[in-house]
Amino acid sequence: MAHITVLGDVDKAEGALGELMDRMDVARSVSVTPPERYFAMARKKIEGGHYSFEADVDAIKAVEGN
């Protein structure tokens, strides 16, 4: 896709993008579920204040217009 330009062939670009999306779907189809202890450890860190979600709050406010 990096070699297809604005003036390039649209059909060729769509074909290349379709192929890449198929490859992406295959890569996403395999996932490993981490053990429960990692979720518990993450929850503990989040509740302990190790992470700030201010960027998310600001983004939501911007979308809502607040």
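Reckoned from all heavy atoms, side chains included, excluding hydrogens, waters and symmetry mates. Source: prediction; values computed, not measured.
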Enquirer: Nearest 0.5 Å please: distance from the CG atom of Leu20 over to the CG atom of Asp25.
Expert: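 Leu20 CG to Asp25 CG: 11.0 Å, rounded to 0.5 Å.
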
Enquirer: Return the OG1 to CZ distance between Thr33 and Phe39, rounded to the nearest 0.5 Å.
Expert: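 Atom-to-atom, Thr33:OG1 and Phe39:CZ are 6.5 Å apart.
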
Enquirer: For a side-chain contact (heavy atoms from CB on, under 4.5 Å) check, start with the C-alpha distance between Asp11 and Glu14, then their side-chain angles and the critical distance, and finish with the verdict.
Expert: CA-CA 5 Å; Asp11 293 329; Glu14 286 180 355; 4.3 Å; yes

Enquirer: Got a second to check how far Arg23's CZ is from Arg28's CZ, nearest 0.5 Å?
Expert: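 Arg23 CZ to Arg28 CZ: 13.0 Å, rounded to 0.5 Å.
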
